[in-house]
Number of protein chains: 2
Amino acid sequence: MKDFIIIGNKAVNGGKISLNDLPGSAGRMDVLCRCVTSALFISFGMRRDINVWLILKGEPSPEKIVRFNGETMRSLNPDERSSGSLIQKALLIDASDVEKQSTPGVFVRYGNLEKLLSEFEKEERPMFYLKEDGNDILEMVQNHDSVALLENGVYILGDNQGVFEEDEKTIENAGASKISVGPISLLSSQCITLILNALDRAAPNKSDDE
Amino acid sequence: MKDFIIIGNKAVNGGKISLNDLPGSAGRMDVLCRCVTSALFISFGMRRDINVWLILKGEPSPEKIVRFNGETMRSLNPDERSSGSLIQKALLIDASDVEKQSTPGVFVRYGNLEKLLSEFEKEERPMFYLKEDGNDILEMVQNHDSVALLENGVYILGDNQGVFEEDEKTIENAGASKISVGPISLLSSQCITLILNALDRAAPNKSDDE
(Lines give C-alpha, C1' and ligand atoms only; values in the text may rest on other atoms or scores of the structure.)
Protein backbone atom coordinates (compact mmCIF):
# COMPACT_ATOMS: atom_id res chain seq x y z
CA MET A 1 0.00 0.00 0.00
CA LYS A 2 1.20 3.46 -0.89
CA ASP A 3 -0.32 6.75 0.25
CA PHE A 4 0.13 10.15 -1.37
CA ILE A 5 -0.66 13.28 0.62
CA ILE A 6 -0.93 16.52 -1.31
CA ILE A 7 -1.19 19.80 0.56
CA GLY A 8 -3.60 22.17 -1.15
CA ASN A 9 -2.60 25.47 0.40
CA LYS A 10 -5.49 27.46 -1.07
CA ALA A 11 -7.84 24.62 -1.97
CA VAL A 12 -11.44 25.44 -1.11
CA ASN A 13 -12.90 23.16 1.55
CA GLY A 14 -16.60 24.00 1.59
CA GLY A 15 -19.50 25.12 -0.56
CA LYS A 16 -19.95 24.35 -4.20
CA ILE A 17 -16.77 24.65 -6.22
CA SER A 18 -16.98 25.56 -9.91
CA LEU A 19 -15.78 22.82 -12.23
CA ASN A 20 -15.24 25.52 -14.87
CA ASP A 21 -12.78 27.34 -12.64
CA LEU A 22 -10.75 24.73 -10.73
CA PRO A 23 -7.53 26.83 -10.89
CA GLY A 24 -9.18 30.11 -9.83
CA SER A 25 -12.11 30.20 -7.45
CA ALA A 26 -11.54 26.61 -6.29
CA GLY A 27 -8.00 27.51 -5.13
CA ARG A 28 -5.75 25.63 -7.55
CA MET A 29 -7.87 22.53 -7.20
CA ASP A 30 -6.56 21.60 -10.68
CA VAL A 31 -3.20 20.78 -9.09
CA LEU A 32 -4.86 18.27 -6.76
CA CYS A 33 -6.97 16.81 -9.57
CA ARG A 34 -3.86 16.14 -11.66
CA CYS A 35 -2.27 14.43 -8.66
CA VAL A 36 -5.27 12.10 -8.35
CA THR A 37 -4.94 11.15 -12.02
CA SER A 38 -1.21 10.52 -11.92
CA ALA A 39 -1.44 8.46 -8.73
CA LEU A 40 -4.39 6.26 -9.72
CA PHE A 41 -4.35 5.85 -13.49
CA ILE A 42 -2.30 3.63 -15.75
CA SER A 43 -3.01 3.04 -19.42
CA PHE A 44 -5.72 0.40 -19.14
CA GLY A 45 -6.82 0.52 -15.55
CA MET A 46 -6.26 1.84 -12.11
CA ARG A 47 -3.66 1.31 -9.43
CA ARG A 48 -5.68 -0.30 -6.66
CA ASP A 49 -3.06 -0.24 -3.90
CA ILE A 50 -3.03 3.54 -3.53
CA ASN A 51 -4.76 6.20 -1.47
CA VAL A 52 -4.56 9.87 -2.39
CA TRP A 53 -5.16 12.26 0.51
CA LEU A 54 -5.94 15.87 -0.41
CA ILE A 55 -5.48 18.37 2.41
CA LEU A 56 -7.77 21.30 1.64
CA LYS A 57 -6.35 24.28 3.53
CA GLY A 58 -8.21 27.13 1.87
CA GLU A 59 -11.50 28.88 2.57
CA PRO A 60 -13.97 28.85 4.19
CA SER A 61 -12.26 26.45 6.66
CA PRO A 62 -11.94 24.43 8.86
CA GLU A 63 -9.60 22.19 6.89
CA LYS A 64 -10.89 19.02 5.33
CA ILE A 65 -9.22 15.89 4.04
CA VAL A 66 -10.60 14.21 0.92
CA ARG A 67 -9.35 10.69 0.27
CA PHE A 68 -9.41 8.88 -3.08
CA ASN A 69 -9.10 5.16 -2.47
CA GLY A 70 -7.89 3.17 -5.49
CA GLU A 71 -9.26 -0.12 -4.23
CA THR A 72 -12.91 0.93 -4.06
CA MET A 73 -12.90 3.74 -6.62
CA ARG A 74 -15.74 4.01 -9.10
CA SER A 75 -16.82 6.67 -11.62
CA LEU A 76 -13.43 8.31 -11.92
CA ASN A 77 -11.95 9.27 -15.26
CA PRO A 78 -8.48 10.71 -15.84
CA ASP A 79 -9.61 14.23 -16.76
CA GLU A 80 -9.36 17.00 -14.16
CA ARG A 81 -13.04 17.74 -14.32
CA SER A 82 -13.86 14.15 -13.33
CA SER A 83 -11.85 14.18 -10.10
CA GLY A 84 -12.97 17.78 -9.55
CA SER A 85 -16.56 16.65 -9.72
CA LEU A 86 -15.96 13.98 -7.05
CA ILE A 87 -14.25 16.56 -4.83
CA GLN A 88 -17.23 18.86 -5.37
CA LYS A 89 -19.58 16.09 -4.20
CA ALA A 90 -17.37 15.35 -1.20
CA LEU A 91 -17.51 19.01 -0.16
CA LEU A 92 -21.29 19.09 -0.33
CA ILE A 93 -21.96 16.43 2.32
CA ASP A 94 -22.00 17.18 6.05
CA ALA A 95 -18.48 16.48 7.22
CA SER A 96 -17.44 15.35 10.68
CA ASP A 97 -14.19 14.26 12.30
CA VAL A 98 -14.97 10.73 11.17
CA GLU A 99 -14.55 9.83 7.50
CA LYS A 100 -17.71 9.53 5.43
CA GLN A 101 -17.96 8.16 1.93
CA SER A 102 -19.37 10.74 -0.47
CA THR A 103 -19.22 8.64 -3.66
CA PRO A 104 -17.75 5.15 -4.16
CA GLY A 105 -14.07 5.34 -3.25
CA VAL A 106 -14.10 8.98 -2.14
CA PHE A 107 -14.13 9.92 1.55
CA VAL A 108 -14.20 13.21 3.42
CA ARG A 109 -13.72 14.43 6.99
CA TYR A 110 -12.45 17.38 8.96
CA GLY A 111 -8.74 17.11 9.62
CA ASN A 112 -5.33 18.52 8.86
CA LEU A 113 -1.83 17.41 7.99
CA GLU A 114 -0.72 17.03 11.60
CA LYS A 115 -3.61 14.75 12.46
CA LEU A 116 -3.13 12.64 9.36
CA LEU A 117 0.59 12.21 9.86
CA SER A 118 0.09 11.26 13.51
CA GLU A 119 -2.20 8.45 12.33
CA PHE A 120 0.43 7.17 9.93
CA GLU A 121 3.05 7.43 12.69
CA LYS A 122 0.94 5.17 14.90
CA GLU A 123 0.86 2.65 12.08
CA GLU A 124 4.65 2.97 11.85
CA ARG A 125 4.49 3.72 8.17
CA PRO A 126 7.66 4.99 6.47
CA MET A 127 7.17 8.61 5.38
CA PHE A 128 8.81 10.44 2.52
CA TYR A 129 8.80 14.15 1.85
CA LEU A 130 9.34 15.26 -1.76
CA LYS A 131 12.06 17.86 -1.72
CA GLU A 132 14.71 18.94 -4.20
CA ASP A 133 17.59 18.13 -1.82
CA GLY A 134 16.30 14.66 -0.93
CA ASN A 135 17.78 11.29 -1.81
CA ASP A 136 17.23 10.30 -5.41
CA ILE A 137 14.49 7.69 -5.62
CA LEU A 138 16.14 5.93 -8.57
CA GLU A 139 19.25 5.40 -6.46
CA MET A 140 17.14 4.29 -3.50
CA VAL A 141 15.38 1.56 -5.48
CA GLN A 142 18.75 -0.04 -6.17
CA ASN A 143 18.69 -1.11 -2.52
CA HIS A 144 16.39 -3.96 -1.59
CA ASP A 145 15.65 -2.73 1.94
CA SER A 146 14.76 0.72 0.67
CA VAL A 147 12.35 -0.76 -1.86
CA ALA A 148 10.43 -2.50 0.93
CA LEU A 149 10.05 0.83 2.73
CA LEU A 150 9.16 2.76 -0.41
CA GLU A 151 6.54 0.15 -1.39
CA ASN A 152 4.83 0.83 1.91
CA GLY A 153 5.50 4.56 1.86
CA VAL A 154 3.50 7.63 2.70
CA TYR A 155 4.55 10.38 0.27
CA ILE A 156 4.01 14.02 1.15
CA LEU A 157 3.96 16.71 -1.54
CA GLY A 158 3.15 20.39 -1.71
CA ASP A 159 1.10 22.08 -4.40
CA ASN A 160 2.15 24.91 -6.72
CA GLN A 161 3.06 27.00 -3.65
CA GLY A 162 5.19 24.25 -2.18
CA VAL A 163 5.04 23.47 1.54
CA PHE A 164 4.94 26.32 4.05
CA GLU A 165 7.26 26.41 7.07
CA GLU A 166 4.68 25.28 9.60
CA ASP A 167 3.75 22.22 7.58
CA GLU A 168 7.39 21.50 6.92
CA LYS A 169 7.98 21.38 10.68
CA THR A 170 5.06 18.99 11.08
CA ILE A 171 6.55 16.77 8.39
CA GLU A 172 10.00 16.86 10.02
CA ASN A 173 8.50 16.05 13.42
CA ALA A 174 6.76 13.05 11.92
CA GLY A 175 10.16 11.71 10.93
CA ALA A 176 9.77 11.82 7.16
CA SER A 177 12.85 11.29 5.00
CA LYS A 178 13.46 13.62 2.09
CA ILE A 179 13.42 12.13 -1.38
CA SER A 180 13.77 13.67 -4.82
CA VAL A 181 12.90 12.58 -8.34
CA GLY A 182 15.51 14.36 -10.40
CA PRO A 183 17.49 17.53 -10.99
CA ILE A 184 14.58 19.84 -11.88
CA SER A 185 11.68 20.95 -9.70
CA LEU A 186 8.54 19.57 -11.32
CA LEU A 187 4.76 19.69 -10.93
CA SER A 188 3.45 17.58 -8.02
CA SER A 189 1.59 15.32 -10.44
CA GLN A 190 4.78 14.74 -12.43
CA CYS A 191 6.63 13.83 -9.21
CA ILE A 192 3.99 11.20 -8.43
CA THR A 193 4.40 9.65 -11.88
CA LEU A 194 8.16 9.46 -11.32
CA ILE A 195 7.86 7.88 -7.87
CA LEU A 196 5.48 5.21 -9.12
CA ASN A 197 7.61 4.49 -12.17
CA ALA A 198 10.68 4.01 -9.95
CA LEU A 199 8.70 1.49 -7.89
CA ASP A 200 7.30 -0.21 -11.01
CA ARG A 201 10.87 -0.65 -12.19
CA ALA A 202 11.94 -2.05 -8.81
CA ALA A 203 9.10 -4.59 -8.75
CA PRO A 204 7.99 -5.10 -12.34
CA ASN A 205 5.74 -8.07 -11.66
CA LYS A 206 3.66 -6.96 -8.76
CA SER A 207 3.12 -3.24 -8.85
CA ASP A 208 -0.19 -2.85 -10.63
CA ASP A 209 -3.65 -4.29 -10.62
CA GLU A 210 -5.31 -3.69 -13.94
CA MET B 1 15.07 20.78 -29.45
CA LYS B 2 12.61 17.98 -28.72
CA ASP B 3 9.31 17.39 -30.47
CA PHE B 4 6.39 15.36 -29.15
CA ILE B 5 3.75 14.15 -31.58
CA ILE B 6 0.53 12.82 -30.07
CA ILE B 7 -2.01 11.08 -32.27
CA GLY B 8 -5.56 12.01 -31.26
CA ASN B 9 -7.51 9.23 -32.94
CA LYS B 10 -10.93 10.75 -32.25
CA ALA B 11 -9.93 14.33 -31.50
CA VAL B 12 -12.31 16.81 -33.09
CA ASN B 13 -10.67 18.97 -35.75
CA GLY B 14 -13.27 21.61 -36.55
CA GLY B 15 -16.07 23.68 -35.10
CA LYS B 16 -16.33 24.87 -31.54
CA ILE B 17 -15.32 22.24 -28.99
CA SER B 18 -16.88 22.31 -25.53
CA LEU B 19 -14.39 23.01 -22.76
CA ASN B 20 -16.86 21.37 -20.36
CA ASP B 21 -16.70 18.11 -22.26
CA LEU B 22 -13.14 17.60 -23.48
CA PRO B 23 -13.26 13.81 -22.96
CA GLY B 24 -16.66 13.33 -24.61
CA SER B 25 -17.83 15.47 -27.50
CA ALA B 26 -14.30 16.80 -28.16
CA GLY B 27 -13.03 13.25 -28.73
CA ARG B 28 -10.74 12.62 -25.75
CA MET B 29 -9.16 16.02 -26.18
CA ASP B 30 -8.35 15.76 -22.44
CA VAL B 31 -5.64 13.23 -23.28
CA LEU B 32 -3.97 15.73 -25.62
CA CYS B 33 -4.34 18.57 -23.12
CA ARG B 34 -2.57 16.53 -20.43
CA CYS B 35 0.23 15.82 -22.89
CA VAL B 36 0.70 19.55 -23.53
CA THR B 37 0.98 20.15 -19.78
CA SER B 38 3.45 17.36 -19.11
CA ALA B 39 5.64 18.34 -22.06
CA LEU B 40 5.79 22.07 -21.42
CA PHE B 41 5.46 22.66 -17.69
CA ILE B 42 7.95 22.35 -14.88
CA SER B 43 7.42 23.64 -11.36
CA PHE B 44 8.28 27.28 -11.87
CA GLY B 45 8.26 27.77 -15.57
CA MET B 46 8.11 26.28 -18.98
CA ARG B 47 10.36 24.09 -21.07
CA ARG B 48 11.17 26.37 -23.98
CA ASP B 49 12.99 23.86 -26.19
CA ILE B 50 9.91 21.76 -26.94
CA ASN B 51 7.18 21.58 -29.56
CA VAL B 52 4.04 19.54 -28.99
CA TRP B 53 2.25 18.47 -32.17
CA LEU B 54 -1.33 17.28 -31.80
CA ILE B 55 -2.67 15.26 -34.74
CA LEU B 56 -6.44 15.68 -34.69
CA LYS B 57 -7.85 12.70 -36.58
CA GLY B 58 -11.51 12.90 -35.57
CA GLU B 59 -14.53 14.62 -37.06
CA PRO B 60 -15.49 16.53 -39.09
CA SER B 61 -12.14 16.14 -40.91
CA PRO B 62 -9.89 16.75 -42.81
CA GLU B 63 -7.16 16.20 -40.23
CA LYS B 64 -5.44 19.14 -38.64
CA ILE B 65 -2.21 19.55 -36.75
CA VAL B 66 -2.09 21.93 -33.79
CA ARG B 67 1.38 22.83 -32.57
CA PHE B 68 2.24 24.21 -29.12
CA ASN B 69 5.63 25.88 -29.27
CA GLY B 70 7.34 26.23 -25.90
CA GLU B 71 9.63 29.02 -27.04
CA THR B 72 6.92 31.49 -27.99
CA MET B 73 4.08 30.22 -25.77
CA ARG B 74 1.94 32.74 -23.92
CA SER B 75 -1.30 32.49 -21.91
CA LEU B 76 -0.99 28.78 -21.15
CA ASN B 77 -1.64 27.37 -17.71
CA PRO B 78 -1.17 23.75 -16.64
CA ASP B 79 -4.86 22.89 -16.32
CA GLU B 80 -6.57 20.95 -19.09
CA ARG B 81 -9.11 23.66 -19.69
CA SER B 82 -6.35 26.15 -20.45
CA SER B 83 -4.75 24.11 -23.24
CA GLY B 84 -8.25 23.07 -24.34
CA SER B 85 -9.16 26.71 -24.73
CA LEU B 86 -6.13 27.35 -26.95
CA ILE B 87 -7.00 24.31 -29.07
CA GLN B 88 -10.54 25.64 -29.33
CA LYS B 89 -9.23 28.97 -30.64
CA ALA B 90 -6.93 27.20 -33.08
CA LEU B 91 -9.87 25.25 -34.51
CA LEU B 92 -11.90 28.39 -35.04
CA ILE B 93 -9.53 30.10 -37.47
CA ASP B 94 -9.48 29.36 -41.20
CA ALA B 95 -6.87 26.67 -41.62
CA SER B 96 -4.76 26.04 -44.70
CA ASP B 97 -1.86 23.74 -45.57
CA VAL B 98 0.48 26.42 -44.26
CA GLU B 99 0.76 26.90 -40.50
CA LYS B 100 -1.01 29.93 -39.04
CA GLN B 101 -0.63 31.24 -35.53
CA SER B 102 -3.97 31.28 -33.71
CA THR B 103 -2.71 32.60 -30.35
CA PRO B 104 0.88 33.31 -29.22
CA GLY B 105 2.76 30.00 -29.44
CA VAL B 106 -0.08 27.97 -30.92
CA PHE B 107 -0.20 27.12 -34.63
CA VAL B 108 -2.64 25.22 -36.80
CA ARG B 109 -2.76 23.81 -40.32
CA TYR B 110 -4.21 20.96 -42.32
CA GLY B 111 -1.96 17.92 -42.22
CA ASN B 112 -1.52 14.39 -41.01
CA LEU B 113 1.04 12.14 -39.39
CA GLU B 114 2.62 11.05 -42.68
CA LYS B 115 3.19 14.60 -43.82
CA LEU B 116 4.62 15.66 -40.47
CA LEU B 117 7.00 12.72 -40.24
CA SER B 118 8.20 13.29 -43.79
CA GLU B 119 9.15 16.82 -42.79
CA PHE B 120 11.14 15.55 -39.82
CA GLU B 121 12.77 12.94 -42.06
CA LYS B 122 13.97 15.70 -44.38
CA GLU B 123 15.54 17.40 -41.37
CA GLU B 124 17.19 14.07 -40.46
CA ARG B 125 15.78 14.19 -36.99
CA PRO B 126 16.02 11.01 -34.88
CA MET B 127 12.54 9.59 -34.28
CA PHE B 128 11.33 7.53 -31.36
CA TYR B 129 8.08 5.62 -31.09
CA LEU B 130 6.78 4.94 -27.57
CA LYS B 131 6.01 1.25 -27.37
CA GLU B 132 6.01 -1.29 -24.56
CA ASP B 133 8.62 -3.52 -26.27
CA GLY B 134 11.01 -0.66 -27.04
CA ASN B 135 14.44 0.02 -25.57
CA ASP B 136 14.32 1.36 -22.04
CA ILE B 137 15.06 5.08 -22.10
CA LEU B 138 16.84 4.96 -18.73
CA GLU B 139 19.28 2.43 -20.15
CA MET B 140 19.66 4.48 -23.32
CA VAL B 141 20.66 7.63 -21.44
CA GLN B 142 23.62 5.74 -19.97
CA ASN B 143 25.15 5.99 -23.42
CA HIS B 144 26.54 9.35 -24.47
CA ASP B 145 25.77 8.94 -28.19
CA SER B 146 22.18 7.96 -27.45
CA VAL B 147 21.72 11.04 -25.28
CA ALA B 148 22.71 13.29 -28.18
CA LEU B 149 20.06 11.62 -30.36
CA LEU B 150 17.38 11.66 -27.64
CA GLU B 151 18.04 15.34 -26.91
CA ASN B 152 17.23 16.09 -30.53
CA GLY B 153 14.44 13.52 -30.72
CA VAL B 154 10.99 13.47 -32.24
CA TYR B 155 8.79 11.37 -29.96
CA ILE B 156 5.61 9.77 -31.30
CA LEU B 157 2.84 8.66 -28.93
CA GLY B 158 -0.70 7.37 -29.29
CA ASP B 159 -3.65 8.45 -27.21
CA ASN B 160 -5.92 6.28 -25.03
CA GLN B 161 -6.63 4.09 -28.07
CA GLY B 162 -2.97 3.64 -28.85
CA VAL B 163 -1.71 3.80 -32.43
CA PHE B 164 -3.66 2.09 -35.19
CA GLU B 165 -2.00 -0.20 -37.72
CA GLU B 166 -1.91 2.29 -40.55
CA ASP B 167 -0.19 4.94 -38.44
CA GLU B 168 2.16 2.33 -37.05
CA LYS B 169 3.26 1.52 -40.60
CA THR B 170 3.82 5.21 -41.29
CA ILE B 171 5.95 5.43 -38.16
CA GLU B 172 7.96 2.33 -39.12
CA ASN B 173 8.49 3.65 -42.65
CA ALA B 174 9.82 6.88 -41.19
CA GLY B 175 12.52 4.84 -39.46
CA ALA B 176 11.52 5.51 -35.86
CA SER B 177 13.16 3.42 -33.13
CA LYS B 178 10.99 1.97 -30.41
CA ILE B 179 11.57 3.16 -26.88
CA SER B 180 9.82 2.39 -23.60
CA VAL B 181 9.63 4.07 -20.22
CA GLY B 182 9.11 1.13 -17.88
CA PRO B 183 7.36 -2.17 -17.26
CA ILE B 184 3.77 -0.87 -17.17
CA SER B 185 1.76 0.73 -19.95
CA LEU B 186 1.00 4.29 -18.82
CA LEU B 187 -0.96 7.35 -19.92
CA SER B 188 0.65 9.26 -22.80
CA SER B 189 1.14 12.28 -20.53
CA GLN B 190 2.91 10.12 -17.93
CA CYS B 191 5.22 8.75 -20.66
CA ILE B 192 6.20 12.28 -21.66
CA THR B 193 7.06 13.12 -18.03
CA LEU B 194 9.27 10.02 -17.86
CA ILE B 195 11.07 10.77 -21.14
CA LEU B 196 11.85 14.31 -20.07
CA ASN B 197 12.99 13.22 -16.62
CA ALA B 198 15.38 10.68 -18.18
CA LEU B 199 16.84 13.49 -20.29
CA ASP B 200 16.97 15.88 -17.32
CA ARG B 201 18.96 13.26 -15.46
CA ALA B 202 21.30 12.79 -18.42
CA ALA B 203 21.99 16.50 -18.74
CA PRO B 204 21.21 18.08 -15.38
CA ASN B 205 22.67 21.48 -16.12
CA LYS B 206 21.23 22.39 -19.44
CA SER B 207 17.82 20.82 -19.87
CA ASP B 208 15.45 23.54 -18.79
CA ASP B 209 14.88 27.21 -19.29
CA GLU B 210 12.88 28.66 -16.47
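Numbered from 1 within each chain, the chains take letters A, B, ... in sequence-line order.
Across all non-hydrogen atoms, the minimal contact from B/F41 to A/L187 is CB-CD1, 3.9 Å. Here the closest non-hydrogen pair linking B/I42 and A/Q190 is CA-OE1, 4.3 Å. The two residues B/V181 and A/R201 have their closest heavy-atom pair at O-NH2, 2.9 Å.
Counting heavy-atom pairs closer than 4.5 Å to chain A, the top residue among B/I192, B/N160, B/D136 is B/D136.
One finds the CG atom of B/D200 at 9.0 Å from the CG atom of A/L194 (value rounded to the nearest 0.5 Å). One distance of note links CG of B/L199 with CD1 of A/I184; it measures 10.0 Å at 0.5 Å rounding.
Residues of residues 13-38 of chain A lying under 4.5 angstrom from chain B, judged on non-hydrogen atoms, are A/N20, A/P23, A/R28, A/D30, A/R34, A/T37, A/S38 in numerical order. For a heavy-atom cut-off of 4.5 Å, chain B lies close to A/P78, A/D79, A/E80, A/R81 in residues 66-84 of chain A.
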Distance-only criterion, 3.5 Å: show the donor-acceptor pairs between side-chain atoms of residues 169-177 of chain B and protein atoms not counting sequence neighbours.
{"from": "B/T170", "atom 1": "OG1", "to": "B/E166", "atom 2": "O", "distance (Å)": "3.1"}
{"from": "B/N173", "atom 1": "ND2", "to": "B/K169", "atom 2": "O", "distance (Å)": "3.3"}

Take B/L186 and A/L196 through the test side chain to side chain contact (heavy atoms under 4.5 Å, CB included) and record every step on the way to the result. CA-CA 11 Å; B/L186 298 173; A/L196 290 170; over 6 Å; no
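Atom CD of A/E114 has 12 or fewer heavy atoms from other residues, nucleotides or ligands within 6.0 Å.
B/P126 pairs by the side chain to side chain contact (heavy atoms under 4.5 Å, CB included) definition with B/F128, B/L149, B/N152, not counting sequence neighbours.
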